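See below for the structure under consideration.
Side chains included, hydrogens not; waters and symmetry mates left out as well; all remaining heavy atoms used. Computed from a prediction, not measured in an experiment: that's the story for all the values here.
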Amino acid sequence: MPKTADLRLPDPSRWKALAFIALAQLMVVLDATIVNIALPHAQTALHISDANKQWVITAYALAFGGLLLFGGRIADLWGRKRTFVVGLVGFALASALGGAAQNQAMLFGSRALQGVFGALLAPAALSLLAVMFTDAKERAKAFGIYGAIAGGGGAVGLILGGFLTQALNWRWTFFVNIPFAVVAAAGAYFVIREPSGSRNRSALDIPGVVLSALGLVSLVYGFTRAESAGWSDGLTIGMFVASAVLLLAFVLTESKVASPLLPLRVVLDRNRGGVYLSLGLAVIAMFGLFLFLTYYLQVVKGYSPIRTGFAFLPMIAGMITGSTQIGARLMTRVPARKLMGPGFLVAAIGMLLLTRLDIDSSYAAVILPGQLLLGLGMGTAFMPAMSLATHGVEPRDSGVASAMVNTSQQVGGAIGTALLNTIAASAATAYASSHAALGARDPELLKLQAMVHGFTGAIWWAVGILLAASAIAVTFINAGRPSTGPAAGGPGAGGADGVEDELRMPVVAH
């Protein structure tokens, strides 16, 4: 038994609090998928060029990814409840601005603001779960519900996005966030009771904030710039060099300052480091695919926005099944790597099926099974990954540990969108150049064939990335299955495969 005891009883309102935390997550996921569906229509309405269209996604990801560590630290400093509510209110206001956008600059700006407030909201939500649910079985159930609602949010977003875009217009895909945010903020204000004594009131590490934000933004912008200017462009190379220098300076700073933005103990833990790296790689593959499939279904296959939304449902169904029926059920019984490694491998097989896409591909024969396997594998891997990433951290570090989960996902998503879009664009251009004779006879056919060739070329890269994520999960992560007792917040130590994990929270006395 641990030497210390925590005499606080579990918060009786923790399950009600979970409902409002999950509603906020629903809004964030819904917003991401809605924007994917609405993007072709917003692009036409605001005269956004093909080269700039990805900024609707990337502007959000840059701000979100660049400021997540800052947001996690603010949650530890201000209090997670307060940060959560401020993030929700700001996200609602930014969504209203996006819905009212009159030009591309206004739309991109609103997406960046959504990212800023999302960077406050997301780590606060996840760290609230980490500090409110300390029993391993309750924790597994809470993370399972959180993940299922996140997956369900994808389904709601795809269908609602299609309906709003087709029946009203794309602007309502932004306005719809407002009621979600208002209800979640009001519920959180009255219901959430954050455990006392879990804040980190150390002085804010300003150099760390600046270096991490600039380093991450430079990294993502480098990938984004490569699409339009090429990999050998001077500014592209300069962004990558600047990113490397800034992030190295950030690591050196964090090793020396008294109160670091990101305590290196959080990421140097073998298991958490493996989770952050494998999750980031997996999301690189996922985000690029969402964009490709949206354009493939609407532009190549001629699907309406609503039909496109329904066409994505098998992936969402797979994710919900993987997270609730496999991941959440098994994460207290088997080591995380035995779920994450096979999960990413199954996702890679699903992605491999999608490399067979051509302009005449059958939805039932190619896209449906590919999506099912992709969703099932990702859902299975994500549940234990999210729990393990905050498992065993000291309560004062729970905000920044949660922020690292979101940082790996959001930076991975931004890199995925930019990197795979760049690869697809280059492959499409090369295909069009080598098939100029076809272009003379049927330019529209050549355009579609080149587009699909670009998509499949990038999807091959996504297959390799998922295989790498699987290998990293199996190699790095060595924690055993979590205890069925209290599950978070003590000193971190990974156990051998099949052995009770030594990560512990002070026992809760009843």
**Asked** Which atom names give the shortest non-hydrogen contact between M340 and A381, and what distance separates them?
**Response** CG-O, 3.5 Å
**Request:** Look up atom CD1 in I178 and atom CZ in F91, then write down how far apart they are to the nearest 0.5 Å.
**Result:** 11.0 Å
**Prompt:** Is there a donor-acceptor pair closer than 3.5 Å between any side-chain N or O of R272 and the backbone N or O of V266?
**Reply:** yes
**Request:** Supply the atom-to-atom distance T456 OG1 to W460 CH2, rounded to the nearest 0.5 angstrom.
**Result:** 9.5 Å
**Complete:** Between F344 and L466, the two heavy atoms sitting closest are CB-O, 3.9 Å
**Item:** Over 12 foreign heavy atoms within 6.0 Å of NZ, K447
**Value:** no
**Request:** Any chance you could measure S212, atom OG, to L69, atom CG, to the nearest 0.5 Å?
**Result:** 5.0 Å
**Asked** Can you name the closest pair of heavy atoms from D358 and S361 and give their distance?
**Response** N-OG, 2.7 Å
**Message:** Would you say that L357 contacts L293 through its side chain, given a criterion of any heavy-atom pair below 4.5 Å between the two side chains?
**Reply:** yes
**Prompt:** Mind checking whether P314 and Y363 have side chains closer than 4.5 Å, heavy atoms only?
**Reply:** yes
**Message:** Are N177 and Q114 packed together at the side-chain level, in the sense that at least one heavy-atom pair is separated by less than 4.5 angstrom?
**Reply:** yes
**Item:** M27 vs L88 side-chain heavy atoms within contact, under 4.5 Å
**Value:** yes
**Message:** With a 4.5 Å cut-off on side-chain heavy atoms, are L372 and T321 touching?
**Reply:** no
**OG on S434 to NE2 on H453, rounded to 0.5 Å** = 7.0 Å
**Message:** Angle between ring planes, F174 versus W170, binned at 30° and 60°: parallel, tilted or perpendicular?
**Reply:** perpendicular
**Asked** Under 30°, 30 to 60°, or over 60°: which ring-plane class applies to Y296 and F455, parallel, tilted or perpendicular?
**Response** perpendicular
**Prompt:** Does A242 offer a backbone N or O that forms a donor-acceptor pair with the side chain of S218 under 3.5 Å?
**Reply:** no
**Asked** Quick check: does any side chain N or O of Q371 sit under 3.5 Å from a backbone N or O of A311, one acting as donor and the other as acceptor?
**Response** yes
**Asked** In terms of heavy-atom contacts, does CZ of F476 have more than 12 from other residues, nucleotides or ligands at under 6.0 Å?
**Response** no
**Message:** Do F250 and L216 make a side-chain contact, defined as non-hydrogen atoms from C-beta onward lying under 4.5 Å apart?
**Reply:** no
**Item:** Side chains of L420 and I423 in contact at under 4.5 Å (non-hydrogen atoms)
**Value:** yes
**Request:** Assess the pair F64 and Y60: is the distance between their ring centroids shorter than 6.0 Å?
**Result:** yes
**Request:** Look at the side chain of S110 and the backbone N and O of L107, then say whether any donor-acceptor pair between them is shorter than 3.5 Å.
**Result:** yes
**Request:** Measure from the side-chain N and O atoms of T44 to the backbone N and O of P40, and report whether any donor-acceptor pair falls under 3.5 Å.
**Result:** yes
**Straight-line distance of S304 OG to Q298 CD, nearest 0.5 Å** = 8.0 Å
**Message:** Taking atom CZ as the centre, does F310 end up with more than 12 heavy-atom neighbours from other residues, nucleotides or ligands that are less than 6.0 angstrom away?
**Reply:** no
**Message:** Testing the basics here: between L46 and R171, what is the closest heavy-atom pair and its distance to 0.1 Å?
**Reply:** CD2-NH2, 4.2 Å
**Message:** Any heavy-atom pair between the side chains of L39 and T294 that's under 4.5 Å?
**Reply:** no
**A336 versus I477, closest heavy-atom pair with distance** = CB-CG2, 4.4 Å
**Message:** I need the minimum non-hydrogen distance between A101 and M106, along with the two atoms involved.
**Reply:** CA-SD, 3.5 Å
**Fill in**
Value for CG (L376) from OG (S323), rounded to nearest 0.5 Å, stands at 9.5 Å
**Asked** Quick check: does any side chain N or O of N271 sit under 3.5 Å from a backbone N or O of N478, one acting as donor and the other as acceptor?
**Response** yes
